[in-house]
Q: 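I am attaching a structure below and will ask some questions about it afterwards.
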Amino acid sequence: MARYNHKITEAKWQKVWEDRGCFQVHEDPERPKYYVLEMFPYPSGRIHMGHVRNYTLGDVVARYKKARGFNVLHPMGWDAFGLPAENAAIENKVHPGKWTRENIAEMRRQLKSMGLSYDWTREFATCEPEYYRHEQKMFLDFLEAGLAYRKESLVNWDPVEKTVLANEQVVDGKGWRSGAVVEKRKLAQWNLKITAFAEELRGDLQELERWPDKVRIMQENWIGRSEGAYVWFPISGRDQGLQVYTTRPDTLFGASFCAVSANHPIALDLAGSSSELATFIAECNRMGTSEAAIETAEKLGFDTGLKARHPLVEDCQLPIYVANFVLMEYGTGAIFGCPGHDQRDLDFARKYGLNVVPVVAPQSAEPGAFEIADEAYVGDGTMVNSDFLDGLGVDEAKSAVIKRLEALGAGERAVNYRLRDWGVSRQRYWGCPIPVIHCDVCGVVPVPAEDLPVVLPEDVNLDEPGNPLARHAIWKHVDCPACGKPAERETDTFDTFFESSWYFARFASPQVDDIGFTKSAADYWLPVDQYIGGIEHAVLHLLYSRFFTRALRKCGYLDIDEPFAGLLTQGMVCHATYRDDDGNWLLPDTVVTNDQDALVHHQSGVGVTRGRSEKMSKSKKNVVDPEHIIKAYGADTARLFMLSDSPPDRDLDWTDSGVEGAWRYLNRLWRLVEGLDTGAAEALDLDALNLATLDVLRLAHKTIGSVSADLDRFHFNKAVARLRELTNGIDGLERAAPGAAPVRREAVGILVQLLAPILPHLAEEMWATMGHETLLAETPWPEANPVLIRDDTVTVAVQVNGKLRGTLELSKDCANADAEAAALALDAVTAAMDGKAARKIIIVPNRIVNIVT
RNA sequence: GCGGGCGUGGUGAAAUUGGUAAACACAAGGGACUUAAAAUCCCUCGGCCUUACGGCCUUGUCGGUUCAAGUCCGACCGCCCGCACCA
C-alpha cells in the first residue's frame with residue numbers, strides 16, 4: 001500500500017486551483033459576501049510559525065465560508081515599508097527596495113506552498129507608488145478636512161544617527177545602536193486628529209460584539225476617558241493664573257500644593273532665571289518616557305516659590321512645585337495635590353512636609369476622628385473639613401463644587417481623554433513621502449493632486465547618518481506650486497501604521513489607479529467580516545484603522561464606521577528552549593537524546609538543559625522553520641497540527657511528536673479511501689442495516705452539525721476531535737455487515753467534505769480518488785439527513801444525594817414520572833438510599849434525576 | 001502600582017455555560033504481525049483501597065451558595081499578558 005505522497009499531491013492541487021482561478025472573486029450582489037482577512041505580513045525574509053498559524057486559521061474560515069455559499073474575499077499583500085529594510089541596507093549594503101522586493105518574492109513562494117485560498121490577483125505591496133500615492137491623496141484630504149495639522153512636539157533624538165528614536169529604541173537613556181545619550185528635541189511634526197473621534201472610538205467599542213473583550217478593554221483604557229473639572233488658581237503677584245485639571249474636584253478643600261510639569265510654560269519661564277530649576281527640568285527630561293523608567297523614578301519636586309491662591313478658601317496659599325510625575329501631555333500639565341486621597345500626592349506631601357487634611361471620611365469612621373496615616377483614602381464616603389460640602393457624598397460633592405466654581409468663574413466641568421493625536425512624521429527614508437512643500441513665502445503648500453504621487457527616489461546614499469531624503473538635492477528642491485519660487489519638499493515620511501490603516505479597503509479594488517478604492521467595491525466588501533491576527537496589535541494598529549475609517553468616511557470615501565466586524569486574536573507559537581552548559585541558546589534540531597537518556601548537542605555531545613517553553617524567537621533560537629516541516633510532512637500536516645489540541649486564542653506548543661501524530665492521521669485517512677469499494681454502487685437501504693452500522697452512518701450525519709458549529713465559533717481543535725471520532729467510527733465498521741459498503745462510502749464522503757477546509761490537498765485527492773469529477777474546493781458543504789440525526793433515546797444520569805449511582809436509557813422527552821420510576825427501580829439507587837424515603841426528587845428532563853433522602 | 005486573564009491526568013486539552021469530570025490526541029507501558037526493524041493493529045493508562053464485584057477521593061488552596069459547583073460568590077497562593085505615576 002503506497003504511502004500518501006504529499007509532495008506530488010499538494011503541488012498538483014495547488015496548480016489546479018490556480019489554473020481554474022478557484023479563489024478569484026468578483027462583486028456579486030446576488031450572493032452574501034464574506035471578507036476574511038489575516039493581518040498582512042512585514043516582508044522580513046521568510047515566513048515563521050506565527051504566520052503559518054495566522055494564515056491557516058484564516059484559510060480554514062475562508063474555505064468553510066465558501067463551501068457555505070458565501071462570496072468569499074480572501075486577499076494577501078505586503079506591509080512593505082519599515083525600518084528593518086533600512087537596517088538591512090546599512091548592514092548588508094543592499095538597497096531597501098531591492099531587499100524588500102526579494103523578500104516578498106521568497107515569502108510569496110513560501111505562502112503558495114501552503115495552499116492558501118487567496119485571490120492572488122489582488123496582491124499588492126505598500127512600498128509601491130501604485131499603493132502609496134492614494135494615501136498621499138488621503139492625507140491631503142485630511143488636511144483639507146482639518147484632520148491633519150503640524151505642531152512642535154518633543155522627540156527622542158539620537159545625535160549620532162541624526163534620527164528620531166521610538167521609546168523602545170531608547171535603552172537607559174541611550175540610543176539602542178549608537179549608544180549616544182538621547183536628547184529631547186522639539187521638531188515640527190505632522191499629526192492626525194484622532195482625538196476628534198475619541199468619544200466615538202470609545203463608545204462604538206460596545207458595538208463590536210465579535211471582538212474579544214480583552215481587546216475592547218485595552219482600547220478603552222488607551223482612550224482613557226475621565227470626567228472632572230478645570231480649576232483656575234490665581235498666582236499671587238502674577239497676572240497669569242494656573243489652570244489645573246482634576247477628576248477629584250470634591251477634594252479641593254484638602255489641597256495642600258500645586259504642581260506643574262517640567263515642560264509647563266511656567267516652569268520654562270522660571271527656569272530662565274534659575275539655573276537650579278533649569279537643571280531640575282533637564283533631569284526630568286532625561287528620565288525616559290517609557291513606563292518602566294518612570295515607575296522606578298523617585299517622586300521629586302522643585303519648589304518654585306510661587307503661591308497659588310485657593311479659589312474657594314480665603315487667604316489659603318498653596319506652594320507651586322515643578323514635579324517629575326506631572327505630564328505635559330495630559331490634562332493641562334498642572335495639578336493640585338490632595339494628599340489625603342491620592343497615594344502619590346501623599347508620598348509627595350510627606351517628603352516635602354506638606355499638610356495632610358482628610359476631606360472624605362469612610363462610612364465606618366468616627367465623625368471627626370478620621371486621620372490619614374501611610375495610606376491615602378481613595379474610597380467613597382462623606383465629606384468633612386470641606387465648608388459647604390460637608391456631609392455630602394463624593395458624587396454629590398463633585399457636582400456641588402463644580403457648580404460653585406462655575407458660578408464664580410473659577411472652573412468648569414470637563415471631560416478629558418488620555419488619547420493623544422497621532423504623530424505621523426518619521427525622519428526616515430523607507431516610507432511614504434509626506435506630500436507637502438515648504439515655501440519661504442507661502443509656508444506649507446500641499447502638493448497638487450495632479451502632481452501625485454510624490455515618488456520616493458531610489459538613488460539614495462544610506463552610508464551617512466540621518467535621513468537621505470534630506471540630503472537628496474535633486475529630489476528635495478522644487479518650485480513652490482503656489483508662487484513658483486524655489487522651495488523644498490517635506491523630507492519626512494509617514495509612520496508605517498499609515499499604510500496598514502487602510503489596506504483592507506484597498507483589497508476591495510486593488511487595481512484602480514485614480515483612487516485608493518472605489519466606493520462601490522467598498523460598499524460591497526466592507527467591513528471585514530473576520531479579521532485574524534496577533535494580540536500585539538490590540539491597540540495601535542486596530543485603533544488607527546478604526547480612526548482612519550472614520551476619517552475616510554468624513555472625506556466621502558466610504559460609509560462605514562468600523563473596519564473589522566469580527567476579530568480573532570491568535571496565541572503565540574511556543575517551543576521549548578535549550579541551552580548548553582555555557583548558557584548559549586541552541587536550535588531545537590541540534591539537540592538529541594543520548595544513550596543515557598540525557599539531552600546533548602548532536603555534534604559536540606555537551607550537556608544541554610531544557611528550559612521552559614517560550615514564544616519562538618530568533619534570540620532564543622527556539623525556532624522551527626516552517627519550510628522544513630512543509631518539505632518533510634506537507635502543508636496539510638502543518639495545518640492540522642496548528643489546529644489540533646489548542647484553541648486558536650491560546651498559546652500553542654510546537655512539538656515534534658505532535659507533528660508526527662498529525663502526519664500519522666493523514667496517512668490513516670489516505671488508507672480509508674484506498675480501501676474503499678468505489679466499484680458497482682450498492683444502494684443504501686437503511687432498513688437493512690444492523691445497529692452498529694446504522695450508528696456509524698448516524699455519527700457521520702451528526703458530525704456535519706457538530707463540526708459546522710465548531711467552525712462557526714472558531715473551535716477548530718474541537719472540530720478536529722469530532723473528525724477523529726468519525727474516523728474511528730468508520731474504521732470500526734464491520735466490513736461483512738449488510739450495507740457496510742454503501743455506509744462506509746457515504747460516511748467517508750462526508751468526512752472528506754468536512755476535512756476540506758482543514759486539509760485541503762488531501763481532501764481534494766481523496767475526493768478525486770472516490771470518483772468525483774468536480775473539485776471539492778467548489779463543492780457545497782454537506783447537509784445532514786434529519787432522519788439520521790434525530791435521537792429517540794437519551795442517557796440520563798441518576799444521582800442519590802448528588803452522587804452518581806447509575807445511568808438510564810430513556811425515551812427522549814419522556815414523562816418525569818416515568819424517569820422517576822425508572823430511577824427508583826435501579827438496584828444501585830435502592831442500595832444507596834439505604835431504606836430511607838426520598839424527600840425530594842429533582843428531574844432535569846433528558847439530563848439528570850437527583851434523589852434527595 | 002493599576003487593569004485583564006489563567007490554574008483540570010505524565011503532556012496539549014474537552015465538558016452542551018450549574019446537571020455523568022477527563023471527549024479527542026500526545027507520551028508511556030503491554031501484546032499481535034515480522035527473521036528483524038519500520039509501518040500498522042489491539043489492550044492498559046487521574047489517585048487510593050479491593051483477588052474480584054465494587055467503593056472512596058480528585059479540577060491551585062480554604063470557605064460559602066445550591067438538590068447538584070471545574071463552572072457562581074468571597075479570601076488566599078501561583079503563573080501569564082497589557083499599561084497610563086493620567087491627577
Side-chain angles (χ1 to χ4, degrees), chain A residues 1 3 212-218 220-226 228 231 244-249 251 258-259 289-292 294-297 299 323-327 329-338 341-345 347-348 416-420 535-536 538-539 571-572 612-613 641 644-647 649-653 655-662 664-665 667-668 671 706 709 715 717-725 727-728 731 795-808 828 831 838-844 846-853:
Chain A
M1 208 183 285
R3 267 187 134 188
D213 290 342
K214 182 191 170 94
V215 175
R216 291 195 282 180
I217 289 165
M218 284 166 78
E220 175 147 17
N221 291 342
W222 187 266
I223 293 166
R225 179 193 153 100
S226 68
V231 184
V244 152
Y245 175 71
T246 180
T247 54
R248 293 298 302 273
T251 64
C258 286
T289 48
S290 81
E291 192 223 339
I294 296 167
E295 184 87 24
T296 50
K299 285 150 191 70
N324 64 351
F325 60 86
V326 179
L327 304 178
E329 294 83 4
Y330 188 81
T332 60
I335 63 161
F336 77 76
C338 175
H341 306 284
D342 182 299
Q343 191 59 43
R344 185 195 47 209
D345 292 347
D347 295 345
F348 193 81
N416 225 302
Y417 296 90
R418 174 199 171 273
L419 184 70
R420 294 176 211 146
I535 187 75
E536 65 272 20
V539 178
M572 299 181 294
R612 47 178 286 185
S613 182
F641 177 81
S644 307
D645 295 344
S646 291
D649 54 344
R650 220 179 285 188
D651 287 351
L652 175 94
D653 256 318
T655 61
D656 289 344
S657 56
V659 178
E660 290 280 350
R664 280 200 300 270
Y665 179 56
N667 281 285
R668 200 173 147 212
R671 286 193 298 272
S706 56
H715 293 177
N717 54 326
K718 285 161 69 182
V720 171
R722 298 288 88 83
L723 292 165
R724 291 254 199 185
E725 274 175 345
T727 310
N728 292 343
D731 257 347
T795 308
V796 173
V798 181
Q799 297 178 337
V800 177
N801 294 326
K803 271 191 184 165
L804 184 72
R805 294 299 170 185
T807 58
L808 287 170
R839 269 199 300 131
K840 196 171 169 189
I841 298 179
I842 288 124
I843 299 176
V844 181
N846 302 325
R847 195 143 289 167
I848 204 159
V849 178
N850 189 9
I851 298 159
V852 186
T853 61

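Letters A, B, ... mirror the listed sequences (proteins, then strands); counts begin at 1. From a predicted model like this one, the values you see are computed outputs, not experimental measurements.
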Q: From CD1 of A/Ile848 over to P of B/G19, roughly how many Å is that when rounded to an integer?
A: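 My rounded result for the distance is 9 Å.
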Q: Given the C1' atoms of B/C24 and B/A13, what is the spacing between them in whole Å?
A: 8 Å
Q: Using atom P of each nucleotide, how far apart are B/C85 and B/G78 to the nearest Å?
A: 26 Å
Q: Distance check needed: B/A69 P versus A/Lys803 NZ, whole Å only.
A: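 It works out to 11 Å between those atoms.
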Q: Distance only, no hydrogens: is a donor on one side chain within 3.5 Å (strictly under) of an acceptor on the other, for A/Ser646 and A/Asp651?
A: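 A/Asp651 and A/Ser646 do not have a side-chain donor-acceptor pair below 3.5 Å.
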Q: Between B/G19 and B/G12, how far apart are the P atoms? Round to whole Å, please.
A: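 Nearest-Å result for B/G12 against B/G19 at atom P: 25 Å.
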Q: Any chance you could measure A/Leu804, atom CG, to A/Asn850, atom CG, to the nearest 0.5 Å?
A: 10.0 Å
Q: B/A25 phosphate, OP1 or OP2: any side-chain N/O from A/Tyr665 under 4.0 angstrom?
A: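 Checking B/A25 against A/Tyr665, no side-chain N or O comes under 4.0 Å of OP1 or OP2.
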Q: Starting from C1' on B/A39, measure out to CD on A/Glu660 and report it in whole angstrom.
A: 12 Å
Q: Does B/G78 pair with anything, Watson-Crick or G-U wobble, both distances under 3.5 Å, and if so, with which nucleotide?
A: B/C6
Q: Within less than 4.0 Å of OP1 or OP2 of B/G82, is there a side-chain N or O belonging to A/Arg216?
A: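 Checking A/Arg216 against B/G82: no side-chain N or O falls below 4.0 Å of OP1 or OP2.
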Q: Rounded to the nearest 0.5 Å, what separation is found between the OG atom of A/Ser226 and the CZ atom of A/Arg418?
A: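 Going from OG on A/Ser226 over to CZ on A/Arg418, the span is 11.5 Å.
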Q: Rounded to the nearest Å, what distance is computed from the CD1 atom of residue A/Ile842 to the C1' atom of nucleotide B/G19?
A: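 These atoms are roughly 11 Å apart.
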Q: Between B/C45 and B/C53, how far apart are the P atoms? Round to whole Å, please.
A: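 Those two atoms are separated by 12 Å.
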Q: Report the nucleotide, chosen from B/A87, B/C85, B/C41, that has the shortest atom-to-atom distance to any side-chain atom of A/Thr246.
A: B/A87
Q: Out of curiosity, A/Arg668 CZ to A/Thr727 OG1, how far, rounded to the nearest 0.5 Å?
A: 6.0 Å
Q: Tell me the interatomic distance from A/Trp222, atom CH2, to B/C86, atom P, rounded to whole angstroms.
A: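 Computing the A/Trp222:CH2 to B/C86:P distance gives 14 Å.
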Q: Starting at the 5' end of RNA chain B, which residue's closest nucleotide do you reach first, A/Asp345 or A/Val796?
A: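 Looking at RNA chain B, the more 5' nearest nucleotide goes with A/Val796.
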Q: Distance check, C1' atoms only: B/C86 and B/G3, in whole angstrom units.
A: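 Each nucleotide's C1' atom is 14 Å from the other's.
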Q: NA contact type, A/Val539, heavy-atom cut-off 4.0 Å: base, sugar-phosphate, or nothing?
A: nothing
Q: Using a heavy-atom cut-off of 4.0 Å across all strands, would you classify A/Arg225 as base, sugar-phosphate, or nothing?
A: nothing
Q: Taking B/U20 as the reference, what is the distance to B/A15 when you measure between their C1' atoms (whole Å, please)?
A: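 About 11 Å, rounded to a whole number of Å.
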Q: Rounded to the nearest 0.5 Å, what separation is found between the OG1 atom of A/Thr655 and the CZ atom of A/Phe641?
A: 4.0 Å
Q: Is a side-chain N or O of A/Asp342 found less than 3.5 angstrom from the main chain of A/Gly337, in a donor-acceptor match?
A: no
Q: Hey, is the side chain of A/Asn728 poking within less than 4.0 Å of OP1 or OP2 on B/A25, counting only N and O atoms?
A: yes
Q: With heavy atoms under 4.0 Å as the rule, sort A/Arg724 into base, sugar-phosphate or nothing.
A: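 Sugar-phosphate contact only - A/Arg724 comes under 4.0 Å of backbone atoms but never of a base.
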Q: Please work out if A/Ser226 contacts a base, only the sugar-phosphate, or nothing of the nucleic acid, heavy-atom cut-off 4.0 Å.
A: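 It contacts sugar-phosphate atoms only.
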Q: Go nucleotide by nucleotide along RNA chain B from the 5' end; which of A/Leu804 and A/Arg668 gets its closest nucleotide reached first?
A: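 The answer here is A/Leu804.
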Q: So what's B/G1 paired with, Watson-Crick or G-U wobble, going by both distances under 3.5 Å?
A: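 Its partner is B/C83.
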Q: Taking pairing as Watson-Crick or G-U wobble with both contacts under 3.5 Å, can you name the mate of B/A23, or confirm there isn't one?
A: none
Q: Kindly compute the distance separating CZ (A/Arg722) from CG (A/Asn717), expressed to the nearest 0.5 Å.
A: 9.5 Å
Q: May I ask you to evaluate whether A/Arg664 reaches the phosphate of B/C26, defined as a side-chain N or O under 4.0 Å from OP1 or OP2?
A: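 It does, given that an N or O in the side chain of A/Arg664 lies less than 4.0 Å from OP1 or OP2 of B/C26.
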Q: Sort out the partner of B/A52 for me: Watson-Crick or G-U wobble, both distances under 3.5 Å, none otherwise.
A: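 Across any shown strand, B/A52 pairs with none.
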Q: I need the CG-C1' distance between A/Asn221 and B/G4, as an integer number of Å.
A: 9 Å
Q: For B/C72 versus B/U59, give the span between their P atoms, rounded off to a whole number of Å.
A: 15 Å
Q: What is the distance from CG of A/Asn667 to P of B/C41, rounded to the nearest Å?
A: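 Rounded to the whole Å, the gap is 10 Å.
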Q: Looking only at side-chain N and O atoms, does A/Arg418 come under 4.0 Å of OP1 or OP2 in B/A84?
A: yes
Q: For B/G9, decide between syn and anti, treating a glycosidic angle within 90° of 0 as syn.
A: syn
Q: How close or far is atom C1' of B/C83 from atom CD of A/Glu536, stated in whole angstroms?
A: 16 Å
Q: Expressed as a whole number of Å, how far does the P atom of B/G70 sit from that of B/U61?
A: 12 Å
Q: Name the nucleic acid region contacted by A/Asn850, choosing base, sugar-phosphate or nothing; use a 4.0 angstrom heavy-atom cut-off, strictly under.
A: base
Q: Could you please name the partner base of B/U40, counting Watson-Crick and G-U wobble pairs only when both distances are under 3.5 Å?
A: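 The answer is B/A32, by the H-bond criterion.
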Q: I'd like to compare against my own output: the B/S/- annotation of nucleotides 5-15 of chain B with a strict under-4.0 Å heavy-atom distance to protein.
A: -------BSSS
